[in-house]
Amino acid sequence: MSKVEVKESARGLAFPYRIKFEDRVENPPRWLSPLLSIVAVVIALLLGALVIKIAGGQPWAVYNHIAKYSFGSLGVISDTMVKATPLILVGLACSIAFRMKLWNIGAEGQFFLGAFGASMVVLLPVLPEDAPKWLFISTMAVFGMLFGALWGFIPGLLKARYNVNEIISTLMMNYIAIEWNNYFIYAVWTDKGFQMSRMFQRNAWLPRLSDFAKRWKVFSGLTTHMGLLFAIGAAIILWFILAKTQWGYEIRLIGDNPRAAEYAGVKIGRNIVLVMMVSGALAGLAGMSEISGVVHRLQGAISPGYGYTGIIIAWLAKLNPLAVILASILFGALILAGREVQPSGIPTLIQGVIMVSLIASDFFLRKRVRVIRRVEE
Amino acid sequence: MDWLIILASGVATGTVLLYATVGEIFSERSGVLNLGVEGMMLLGAMSAYKATAATNDPWIGLLVAMLAAGLVSQVHAFIAITLQADQVISGLALNFLATGISLVFGEGLTSLRDVVPQLPKLTLPLLDRIPVLGRIFFTNQSIMVYIGYLFVPLAWYYINRTRPGMHLRAVGEYPAAADTLGIRVYFLRYMYVFVGGLLAGLAGATISLSISPGWFGSLTTSGQGWIAIGLVIFAQWNPVQAAFGAFTFGALRRLVLDIQGPSTILGLANPFFYNTYYGFFLKMLPYAFTVIFLVIGSREANRKRIGTPAALGLPYIRGQRGL
């Protein structure tokens with residue numbers, strides 16, 4: 001008897017609601033996805049603060065520093081945009097590949113090969129030293145994209161022909177690309193024994209805002225360069241391709257339902273190779289823009305892992321090319337101002353936590369939460 | 001150039017890959033692809049080194065490394081198994097997370113070189129007298145190498161010949177059927193992701209406490225976690241083949257490092273000795289070989305129609321049709 005009484009009183013005291021997760025039958029509301037992303041980023045920053053605290057750092061000082069040195073003045077905003085430029089391009093590179101569920105994590109290597117191709121125009125040289133600026137820039141862009149595309153073509157072909165896992169092959173190509181560049185930096189194009197090439201002549205530099213300081217005073221000292229226009233242009237073109245053209249439809253169809261795509265007569269193998277090449281070309285253009293717009297020479301440390309950050313950016317932007325621009329600015333700020341933060345692993349850590357919490361938050365896109373009142377029995 | 005020494009140190013280098021590969025085999029056999037191996041190894045290497053520096057006991061370091069990597073693997077397990085997210089992207093996220101944690105907590109460890117004790121090295125009596133093989137496999141090797149020799153057949157036996165091993169395979173091949181037989185699909189998947197984490201941590205600790213002692217940031221593992229994932233495919237999810245692949249790979253890595261030493265090879269002038277810059281091409285080789293191994297592995301899998309666990313990468317949702 002007493003046992004039953006305990007049970008009943010427990011039931012009486014129990015929380016009268018319970019939470020249930022159900023599959024969504026209809027599409028989630030449009031506002032939910034961006035809202036979830038923002039919440040996920042905020043939660044990630046809080047979790048990151050906790051880890052920094054455990055590691056013995058001062059989280060609020062770190063975040064304050066990052067905010068101040070990335071958005072605090074016109075000058076640093078311009079620097080943030082400089083960091084965002086390659087990130088937009090690699091973010092787009094990842095987005096188009098991921099849209100097809102093609103896991104290109106080789107944007108880093110394609111970035112390095114793009115930088116190599118662009119440098120080749122100046123250092124080989126492909127063009128005479130006094131060629132006009134517009135010719136230099138367009139040739140460098142084409143070479144950067146070609147070499148990036150080549151680096152995407154290899155794993156793409158292996159995937160289409162032999163079904164070789166593209167995750168591993170693209171990643172291995174990253175390590176190969178870095179050694180490839182190193183050979184040329186150390187052995188071929190070395191500048192008086194230093195591990196870098198000579199400085200490019202000025203007509204191989206992308207124009208910067210500060211170049212127009214004579215006409216508009218505001219621009220003096222601003223480092224934002226024309227690569228940003230390439231990046232935004234690429235984002236708009238890619239958005240148009242994915243949303244409005246038949247090819248974009250095929251890419252999305254293969255990503256969502258490869259079997260249906262096959263029955264519809266979409267050539268999957270050809271699209272794998274093609275998308276890997278476009279993806280590689282975008283990452284290659286990022287390398288070109290960084291070389292020609294910022295570094296102005298070929299050297300080893302041209303990327304603090306842009307290609308890997310591109311993966312997170314693509315995911316944060318939900319593979320939407322226009323949203324990639326916004327996400328890239330956020331991560332550009334993190335990379336720019338994170339350089340001075342100690343311990344030096346913090347930006348990587350924050351990126352990791354953001355990505356984990358983003359993926360966890362996707363759960364709520366697929367499920368709906370229902371709070372159900374317990375029915376009294 | 002002493003070929004036996006290269007092969008012997010190849011075995012030592014391969015042992016790292018061996019643990020990581022077999023760990024990933026456990027995880028993938030249960031149906032969960034975990035791309036976070038590189039990050040987990042890095043975390044293992046860092047925590048092993050840090051714990052050993054604090055306690056002066058490498059065995060405690062080893063234990064801490066395994067636990068740390070095992071714990072962090074559960075982040076992936078939760079997202080992939082319970083939240084049913086895409087395993088590729090979740091594994092990549094784990095990689096970033098574990099790498100970030102390792103870099104933050106590994107700050108300042110680089111300077112501790114030569115202070116931190118290492119795991120012991122042994123020469124096995126009698127076995128080292130076997131001609132050629134004795135010098136390659138049983139002379140002055142790290143204790144982790146010998147544990148590896150014992151571990152591979154045990155892992156093979158466990159997966160293929162025991163009841164829990166059968167449950168493991170069932171969960172990875174046909175979780176719905178396993179579920180109806182009362183096998184706890186979710187629990188087993190969590191557990192084998194944990195086992196994969198433990199072994200990746202062990203692999204990392206083997207690097208930092210024994211094979212190439214020290215902490216060098218993300219260079220400590222330098223892509224070996226990714227090579228291990230590639231080896232799983234090459235090994236067709238079989239621990240014995242994984243051992244073969246890992247040792248071959250280890251020997252290749254060593255060969256690449258050592259080939260620059262002598263001025264002549266087999267009586268011919270050694271181009272790598274006279275132009276050290278060619279060394280950059282040598283350094284590409286392990287990664288290029290991984291791609292070649294992948295091509296071979298994929299073709300074999302196509303030919304034999306075996307290998308990949310059928311439910312690999314797919315979340316199991318109870319009550320839904322399909323695998």
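These numbers come from a predicted model, not from an experiment. Here is the naming used below: chain letters follow the sequence lines, and residue numbers restart at 1 for every chain.
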Engaged part of [X] at the chain B interface, taking heavy atoms whose separation is under 4.5 Å:
{"X": "A:Ile311", "value": "side chain"}
{"X": "A:Ile176", "value": "both"}
{"X": "A:Phe21", "value": "neither"}
{"X": "A:Asn165", "value": "both"}
{"X": "A:Ile178", "value": "neither"}
{"X": "A:Ile154", "value": "neither"}
{"X": "A:Arg366", "value": "side chain"}

Looking at [Y], is its backbone amide N or carbonyl O close enough to the side chain of [X] to form a donor-acceptor pair, meaning the two atoms are under 3.5 Å apart?
{"X": "B:Trp226", "Y": "A:Leu171", "answer": "no"}
{"X": "B:His76", "Y": "B:Leu33", "answer": "yes"}
{"X": "B:Gln224", "Y": "B:Glu38", "answer": "no"}
{"X": "B:Tyr316", "Y": "B:Gly31", "answer": "no"}
{"X": "B:Ser102", "Y": "B:Leu43", "answer": "yes"}

Of the backbone (N, CA, C, O) and the side chain (C-beta and beyond), which part of [X] lies under 4.5 Å from a heavy atom of chain A, both, or neither?
{"X": "B:Asp86", "value": "side chain"}
{"X": "B:Val295", "value": "both"}
{"X": "B:Thr82", "value": "backbone"}

| message | Quick check for you: among A:Ile312, A:Ile354, A:Leu358, which has the greatest number of heavy-atom pairs under 4.5 Å with chain B? | response |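 Top count of heavy-atom pairs under 4.5 Å with chain B: A:Ile312.
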
| query | Do you know which of A:Ile350, A:Asn174, A:Ile52, A:Ile167 has the most heavy-atom pairs with chain B at a distance under 4.5 angstrom? | reply |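 Maximum pair count with chain B is reached by A:Ile167.
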
In terms of heavy-atom pairs under 4.5 Å, which option from [options] contacts chain A the most?
{"options": "B:Met284, B:Gln84, B:Arg299", "result": "B:Met284"}
{"options": "B:Val104, B:Ile89, B:Ile101, B:Val88", "result": "B:Ile89"}
{"options": "B:Ile79, B:Leu97, B:Ile227, B:Leu103", "result": "B:Leu97"}
{"options": "B:Ser90, B:Ala85, B:Gly39", "result": "B:Ala85"}
{"options": "B:Phe105, B:Phe280, B:Phe96, B:Phe78", "result": "B:Phe280"}

| Crowding at CD, A:Gln58 (>12 non-hydrogen neighbours, <6.0 Å) |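 Open.
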
| Neighbour count above 12 (heavy atom, 6.0 Å) for B:Tyr278 OH |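 No - once you tally the heavy atoms of other residues, nucleotides and ligands closer than 6.0 Å, there are 12 at most.
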
| Euclidean distance, A:Leu334 CG relative to A:Thr309 OG1, rounded to 0.5 Å |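 If I round to the nearest 0.5 Å, the distance is 8.0 Å.
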
| task | Could you grab the distance from atom OG of A:Ser279 to atom CG of A:Asn104, nearest 0.5 Å is fine? | result |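 It comes to 4.0 Å.
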
| request: Begin from the C-alpha positions of A:Tyr308 and A:Thr348 and carry the test side chain to side chain donor-acceptor pair (under 3.5 Å) through to its verdict. | output: CA-CA 10 Å; A:Tyr308 302 112; A:Thr348 318; over 6 Å; no

| query | Taking all atoms of both residues into account, what is the closest heavy-atom pair of B:Ser27 and B:Asn34, and its distance? | reply |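 Scanning both residues completely, I find the closest heavy atoms to be OG-CB, 3.9 Å.
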
